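Shown next, in structure tokens, is the structure this report addresses.
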Amino acid sequence: SAKERGGNTFCLYSLTEEAGAVRSMKLENGLRTSIENEQLHLVYQPIIHLQTKRVVGLEALLRWEHAELGSISPAEFIPVAEKNGMIIPIGKWVLETACRQLKEWHSELPDLCIAVNVSTRQIYEENFADTVKKTLDDSGVAASKLTLEITESLMQNHNFSNRIFKRFKEIGVNLSIDDFGTGYSSLSVLSSLQIDRLKIDQSFIQQMLEHEKTGSIVKTIIDMGNNLDLELIAEGIETQEQEEALRECGCQYGQGYHISKPFPPEEMFRFLSVRSK
Ligand code: C2E
Ligand code: MG
Ligand code: MG
Ligand code: MG
């Protein structure tokens, strides 16, 4: 036991554990007031058409600036928000903010589309589809300009996802499966659900040229997507070589640090203005 290993070990261990518990409590509580304290903001990362290099859309990514802890990664706080339920108001804030921003950009860039990440917990809310519809109506953004990025875990409940996806189709929004290849979706699900896009997970893209089998998986996903009439987006492109290989394999769209990092709205607008000339 820790005691047998000596008091110091025990002490250090419990201190670390305590620090962890204190941090998660600060995150938990901080999230509850993050909206009213204006600590949330969105950054935007371009998605380009790999052949023409045109920017076709932006993905909105959430950022949280905690008063004391500084900036916290969504990878850390989204799971906390999913647990304590704050993902519902926060997710609504993300959707509204992204749509309002897009509407503003539309006066200069009328074709621009936006993709918003949606957690499974939000989708399971009774009236989530109505929230989406209302947000679009209030902001004046056309449904065809909005993509909801969802994860494969949703596919496990086939009946439920079928029903909700039908509602999304009625509204007219696009659906994308995020981090494709890391989850549970079976091929039959892909053919029966009304999905528009697959985002190939960045772990595959980053290994595709180093690891032969990973390269084959990427090619297989691209061929499958093309055969099923799904649009393919490669995530996490970090090098020119990856971008070229993906283009040659027939992947239509790409996103990643090699193309652009995510930026706050003003910087992103400048990036887009330069690119569209
Ligand atoms: P995601 O939706 O798969 O987003 C892609 C993540 O990869 C983003 O991290 C992005 O900054 C990062 N990324 C983009 N290009 C590259 C690259 O070339 N290399 C590497 N290494 N990374 C790249 P971020 O912003 O930290 O977000 C992490 C995850 O948090 C997202 O993964 C998404 O699942 C979740 N998330 C972010 N914003 C929201 C939100 O508004 N709502 C929900 N529910 N989840 C969100
Ligand atoms: Mg995403
Ligand atoms: Mg992803
Ligand atoms: Mg992810």
Side-chain angles (χ1 to χ4, degrees), residues 27 31 34-35 39-48 50 55 57-65 71-102 113-125 128 131-132 135 146-154 174-183 185 195-209 218 221 231-243 246 253-264 267-268 271:
L27 294 184
L31 273 175
S34 58
I35 299 178
Q39 293 169 339
L40 300 180
H41 68 275
L42 296 180
V43 291
Y44 298 88
Q45 188 178 33
I47 299 169
I48 66 162
L50 290 174
V55 176
L58 303 172
E59 178 176 5
L61 295 160
L62 185 57
R63 297 290 177 264
W64 180 25
E65 198 63 41
S71 80
I72 299 161
S73 159
E76 184 178 5
F77 73 78
I78 293 286
V80 180
E82 283 174 338
K83 238 194 199 149
N84 75 2
M86 276 306 289
I87 192 66
I88 303 302
I90 289 175
K92 190 162 178 275
W93 180 90
V94 169
L95 200 59
E96 287 167 358
T97 306
C99 286
R100 223 180 300 125
Q101 181 62 70
L102 184 65
C113 294
I114 210 139
V116 171
N117 292 286
V118 170
S119 116
T120 306
R121 178 90 194 257
Q122 285 172 273
I123 296 196
Y124 277 107
E125 278 286 288
F128 179 67
T131 304
V132 172
T135 307
L146 176 66
T147 296
L148 303 178
E149 294 195 3
I150 58 192
T151 55
E152 287 171 273
S153 59
L154 197 70
N174 306 289
L175 297 174
S176 208
I177 299 188
D178 207 346
D179 306 338
F180 184 75
T182 59
S185 47
I195 300 291
D196 303 283
R197 306 192 176 128
L198 299 182
K199 297 189 82 169
I200 309 169
D201 190 67
Q202 52 184 331
S203 59
F204 294 109
I205 306 304
Q206 277 146 24
Q207 289 295 309
M208 67 179 283
L209 297 177
V218 171
I221 295 176
E231 291 177 34
L232 292 153
I233 303 172
E235 294 193 285
I237 301 177
E238 291 185 349
T239 68
Q240 180 62 30
E241 290 72 29
Q242 289 162 356
E243 185 183 324
L246 286 159
Y253 303 103
Q255 178 181 0
Y257 294 164
H258 175 66
I259 295 150
S260 166
K261 291 204 164 172
F263 285 114
E267 272 141 284
M268 187 41 63
F271 176 90

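Basis for what follows: all heavy atoms, side chains included, without hydrogens, waters or symmetry-related copies. It should be emphasised that the depicted structure is a prediction, and the values quoted were computed from it without experimental measurement. When a ligand or atom number is given, it counts from 1 through the structure's own listing order.
- Nearest N/O/S atom of Glu149 with respect to the Mg ion (ligand 2) is recorded as OE1.
- Shown in contact with Gln45 at under 4.0 Å from a heavy atom are these atoms of ligand 1, numbered in order with element: 14 (C), 15 (N).
- Counting only residues at least two apart or on different chains, the salt bridge (Lys or Arg N to Asp or Glu O under 4.0 Å) pairs with a member in residues 82-94 are Lys92-Glu96.
- Between Leu148 and Leu95, some side-chain heavy-atom pair lies under the 4.5 Å cut-off.
- Among the atoms of Leu62, some N or O lies under 3.5 angstrom from an N or O of ligand 1.
- Scanning both residues, Ala98 and Tyr44, for their nearest heavy atoms gives CA-OH, 3.9 Å.
- Looking only at side-chain heavy atoms (C-beta outward), Ile88 and Phe128 stay at 4.5 Å or farther from each other.
- Geometry note: the Mg ion (ligand 3) is the vertex, Glu235 OE2 and Asp179 OD1 are the arms, and the angle is 150° (rounded to 10 degrees).
- The parts of Asn117 lying near ligand 1 are both backbone and side chain, judged by heavy-atom distances below 4.0 Å.
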Exercise for the section: Check step by step if side chain to side chain contact (heavy atoms under 4.5 Å, CB included) holds for Ile237 and Gln255. Expected result: CA-CA 6 Å; Ile237 301 177; Gln255 178 181 0; over 6 Å; no
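- At distances below 3.5 Å, not a single donor-acceptor pair connects side-chain atoms of Asp201 with backbone N or O atoms of Phe180.
- Which parts of ligand 1 touch Ser119 is read off a 4.0 Å heavy-atom cut-off, strictly below it: atoms 44 (N).
- Considering both main-chain and side-chain atoms, His258 never comes within under 3.5 Å of ligand 1 through any nitrogen or oxygen pair.
- The Mg ion (ligand 2) has an N, O or S atom of Glu59 under 2.8 Å away, backbone or side chain.
- Checked against side-chain hydrogen bond (donor to acceptor under 3.5 Å, both in side chains), Ser34 has no partners two or more places apart in sequence or in another chain.
- Between Arg63 and ligand 1, at least one N/O pair is under 3.5 Å apart.
- Residues Val94 and Leu40 form no side-chain contact, since every pair of their non-hydrogen atoms from C-beta on lies 4.5 Å or further apart.
- For the ligand labelled ligand 1, residue Gln206 lies inside the 4.0 Å heavy-atom shell.
- With ligand atoms numbered from 1 in the order given, ligand 1 contributes 41 (O) to contacts under 4.0 Å with heavy atoms of Val94.
- Looking at Asp178 against ligand 1, only its side chain comes within 4.0 Å, counting heavy atoms.
- Closest heavy-atom approach to atom 36 (N) of ligand 1 within the set Gly236, Pro74, Gly91: this belongs to Pro74.
- Of the possible donor and acceptor atoms, none in the side chain of Gln207 sits under 3.5 Å from a partner among the backbone N and O of Ser203.
- Residue Lys199 holds its NZ atom at 13.0 Å from OH of Tyr253, rounded to the nearest 0.5 Å.
- For ligand 1, the polar-atom distance check against Gln202 finds a nitrogen or oxygen pair separated by under 3.5 Å.
- Neither the backbone nor the side chain of Thr151 has any atom closer than 4.0 Å to an atom of ligand 1 (non-hydrogen atoms only).
- At least one N, O or S atom of Asp178, from either the backbone or the side chain, sits less than 2.8 Å from the Mg ion (ligand 2).
- The closest donor-acceptor contact from the side chain of Gln242 to the backbone of Thr239 lies under 3.5 Å.
- At least one N, O or S atom of Asn117, from either the backbone or the side chain, sits less than 2.8 Å from the Mg ion (ligand 2).
- Which parts of ligand 1 touch Pro262 is read off a 4.0 Å heavy-atom cut-off, strictly below it: atoms 11 (O).
- Residues Leu62 and Ile78 are in side-chain contact: their nearest non-hydrogen atoms beyond the backbone lie under 4.5 Å apart.
- Heavy-atom separations between Glu59 and ligand 1 include at least one value shorter than 4.0 Å.
- For atom 13 (N) of ligand 1, the nearest non-hydrogen atom from the set Tyr257, Trp93, Phe180 belongs to Tyr257.
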